[in-house]
Amino acid sequence: MSALHQIIPSVQHYDWGTLGSSSYIYQLLSNSSSFFTAKIPSSPSTINPPTKTLSTSLPYAELWMGTHSSSPSLVLPPNSNNSLSETPKELSCVINSSLPFLFKVLSIAKPLSIQAHPSSSQAPSLHKNFPKLYPDPNAKPELVIPIKGNLTLLSSFLPSKHYPTILSYSPTLTQLLNSPTNPEIKSIILTLLQLSPDQISIISSEFISNITPDLEPDQHTWIQTILSTNQQHDVGFLVGIFMNKISLPESHAMFMEAGEVHAYIHGTVIEVMGNSDNVLRMGLTSKPKDLPNAEKVVNWQGREGGGQRIEVEIDKETGTGMYKVPGLKEFEVWRTELKRGEKEEGEEKGVKGVSLILSVEGDGEIRAKGEEEWKQLKA
């Protein structure tokens with residue numbers, strides 16, 4: 001049996017995604033012959049199956065590759081010729097199990113929701129008690145990797161030394177806090193999440209009027225981003241004021257552990273995570289915000305610079321390196337960079353189990369150990 005199968009990913013058209021052919025996801029799909037020619041089975045568990053045409057009027061936000069029940073990937077039969085008579089199977093049926101991770105590509109044109117994810121000890125009870133908000137019992141550690149330029153994001157709350165200056169820009173918010181001279185971030189954020197629309201509007205106007213580029217360049221850039229997307233009346237704008245503003249280069253990744261508050265603002269990324277769709281939202285969204293569970297799920301520790309940065313070291317001989325995250329059990333992410341004519345033997349990595357492979361730049365060929373046939377890789 002062939003060890004290599006061509007995946008048919010599922011597509012999410014969220015409104016924050018990049019429109020049409022400008023989206024890297026659209027460009028990936030336009031190079032996938034299976035995407036256009038495979039006969040897609042009618043399955044209740046297959047959400048947003050690929051269609052045979054790409055639309056320039058739809059946003060292409062996320063590409064999912066994995067076995068999550070919300071939107072499972074399909075695979076073509078081994079040695080497929082992409083015939084319309086061939087019916088793909090769900091990936092979980094081919095590997096006879098579920099993957100412990102979910103592999104995504106995101107093409108981000110507008111800010112995603114400010115969010116955090118429950119830990120492995122919290123997720124089962126949240127899923128049991130609030131299944132609509134937490135659709136599975138799994139943790140969702142995330143590794144995000146920019147691939148087409150820098151990723152702009154919010155990550156973690158700022159340290160407490162910044163709060164007096166920030167609060168000086170909003171007299172209204174300062175008055176609402178129980179301890180305005182020495183506030184804790186939990187008190188600030190929970191106060192914000194309970195504001196009325198009128199209070200949000202007043203406090204937002206104070207920040208917009210009082211923060212200037214010479215005093216607070218990062219905060220001013222955040223304000224301009226929010227104004228450009230008309231989200232100044234969303235409480236997420238105010239939550240974001242108290243977070244680190246980061247531009248993450250392609251040479252780095254960032255790991256988001258359980259409880260880490262974050263929001264991706266603009267860029268194209270690979271995102272690998274635990275096999276979960278559990279999200280606690282805190283703003284920049286029309287979806288429900290879970291204030292009652294925020295206290296125990298969110299990591300309220302402020303820290304400079306945001307989440308844990310991971311820099312991959314590429315071995316000069318093999319062209320391959322791993323993004324090393326200490327203690328992470330759900331997945332490993334390897335990066336291979338080859339010049340024209342170079343070759344890399346995957347068995348040197350010692351990867352066990354099922355792997356997913358995505359070519360993000362250039363053309364190449366791949367085959368599994370013991371196979372004679374080479375299969376095309378094309379970005």
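One is the number of the first residue; the rest follow in order along the sequence. These numbers come from a predicted model, not from an experiment.
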Step through the shown structure and confirm whether more than 12 heavy atoms of other residues, nucleotides or ligands are within 6.0 Å of CD on Q301. no

To the nearest 0.5 Å, what is the distance between CG (L112) and CG (L106)? 6.5 Å

Hphob cluster co-occupancy, V297 + L192, side-chain heavy atoms under 4.5 angstrom: yes

Shortest non-hydrogen pair, Q232 vs F237, comes out as O-CD2, 3.7 Å

So, H13 side chain and P59 main chain: donor-acceptor pair closer than 3.5 Å or not? yes

We want to know whether S107 and T18 form a side-chain donor-acceptor pair, criterion being a heavy-atom distance below 3.5 angstrom. yes

Cationic N near anionic O, under 4.0 Å, R303 to E260: yes

Which atom names give the shortest non-hydrogen contact between Q115 and V279, and what distance separates them? CB-CG1, 3.6 Å

Can a donor-acceptor pair be found, under 3.5 Å and without considering hydrogens, that links the side chain of D277 to the backbone of D136? no

Taking everything shown except E304 itself, do over 12 heavy atoms lie less than 6.0 Å from its CD? yes

Taken to the nearest 0.5 Å, the spacing of T212 OG1 from I223 CD1 works out to 9.0 Å

T152 side chain vs I265 backbone, donor-acceptor pair below 3.5 Å: no

Taken to the nearest 0.5 Å, the spacing of S10 OG from H68 NE2 works out to 11.0 Å

Less than 4.5 Å apart, any side-chain heavy atom of Y26 and any of T56? yes

Side chains of T285 and S113: any donor to acceptor distance under 3.5 Å? no

Please tell me if the side chains of E271 and Y264 come closer than 4.5 Å, counting only heavy atoms from C-beta onward. yes

Step by step, would you call Q122 with N293 a side-chain contact (heavy atoms from CB on, under 4.5 Å)? CA-CA 10 Å; Q122 296 166 338; N293 287 306; over 6 Å; no

Residues E311, R309: salt bridge by 4.0 Å N-O rule: no

Assess the residue pair T225 and H266 against the criterion (side-chain contact (heavy atoms from CB on, under 4.5 Å)); give the C-alpha distance rounded to whole Å, side-chain angles, the decisive distance to 0.1 Å, and a yes or no. CA-CA 10 Å; T225 298; H266 188 272; over 6 Å; no

Is the number of heavy atoms from other residues, nucleotides or ligands under 6.0 Å of K324 NZ greater than 12? no

Would a single hydrophobic cluster contain both L151 and L28, if residues Ile, Leu, Val, Met, Phe, Trp and Tyr are joined by side-chain heavy-atom contacts under 4.5 Å? no

For the pair S170 (side chain) and I166 (backbone), establish whether a donor and an acceptor sit closer than 3.5 Å, ignoring hydrogens and angles. no

Answer with yes or no whether the hydrophobic clustering places L356 together with Y24; edges join I, L, V, M, F, W, Y residues whose side-chain heavy atoms lie under 4.5 Å apart. yes

Would you confirm whether T229, through its side chain, and I226, through its main-chain N or O, come within 3.5 Å as a donor-acceptor pair? yes

Taking every non-hydrogen atom, the tightest pair across Q308 and P326: NE2-CD, 3.7 Å

Are Y60 and F103 joined in one hydrophobic group, where the rule is that I, L, V, M, F, W and Y side chains link up if heavy atoms are under 4.5 Å apart? yes

Less than 3.5 Å apart, any donor N or O on the side chain of Y134 or D290 sitting next to an acceptor on the other? yes

Contact summary for R281 and P288, nearest pair of heavy atoms: CB-O, 3.9 Å

Find the distance between CD1 (I208) and CG (L227) and round it off to the nearest 0.5 Å. 4.5 Å

Before accepting this row, confirm whether a basic side-chain N of the pair K245/E216 lies closer than 4.0 Å to the acidic partner's carboxylate O. no

Who are the ring-ring contact (aromatic ring centres under 6.0 Å, His included) partners of F157, not counting sequence neighbours? W300

Sub-3.5 Å donor-acceptor pair from the side chain of S204 to the main-chain atoms of S201, do we have one? no

Heavy atoms of S73 and I7 approach each other most closely as CB-CG2, 4.0 Å

Does the side chain of E257 come within less than 4.5 Å of L328's, by heavy atoms? no

Heavy-atom donor-acceptor pair, S119 side chain to A258 backbone, under 3.5 Å: no

Non-hydrogen side-chain atoms of T320 and T336 separated by less than 4.5 Å: yes

Would you check if the side chain of Y163 reaches a backbone N or O of L158 as a donor-acceptor pair within less than 3.5 Å? yes

Can you confirm whether V239 sits close enough to L284 that some side-chain heavy atom of one is under 4.5 Å from a side-chain heavy atom of the other? no

Over-ring placement of K287 relative to Y14, 6.0 Å and 45° cut-offs: yes

Within the supplied structure, the quantity of interest is the number of heavy atoms (other residues, nucleotides, ligands) at a distance under 6.0 Å from E313 CD; does it exceed 12? no

Here the pair of heavy atoms bringing S57 nearest to S55 is OG-OG, 2.8 Å

Is there a side-chain contact between L58 and L19, using heavy atoms and a 4.5 Å cut-off? no

What's the separation between atom CD in Q199 and atom CG in L176, rounded to the nearest 0.5 Å? 5.5 Å

Please assess N275 against E330 for the test side-chain contact (heavy atoms from CB on, under 4.5 Å), listing each intermediate value before the final yes or no. CA-CA 8 Å; N275 187 26; E330 286 84 352; over 6 Å; no

Do L133 and L126 come close enough that some side-chain heavy atom pair is under 4.5 Å? no

What distance separates M256 CE from K140 NZ, expressed to the nearest 0.5 Å? 11.5 Å

Look at the side-chain heavy atoms of Ile, Leu, Val, Met, Phe, Trp and Tyr, link any pair under 4.5 Å apart, and say whether W334 and M254 land in one connected group. no

Identify the residue among N150, T221, D218 that makes a side-chain hydrogen bond (donor to acceptor under 3.5 Å, both in side chains) with S247. N150

Is there a donor-acceptor contact under 3.5 Å from the side chain of N278 to the main chain of H117? no

Check whether any side-chain N or O of T174 sits under 3.5 Å from a backbone N or O of L167 as a donor-acceptor pair, and report yes or no. yes

Sub-4.5 Å side-chain heavy-atom contact between I314 and R335: yes

Under the side-chain contact (heavy atoms from CB on, under 4.5 Å) rule, what do L280 and K296 come out as? Steps first, then yes or no, please. CA-CA 11 Å; L280 184 149; K296 63 181 179 181; over 6 Å; no

Just wondering, are more than 12 heavy atoms of other shown residues or ligands nearer than 6.0 Å to CD in E206? yes

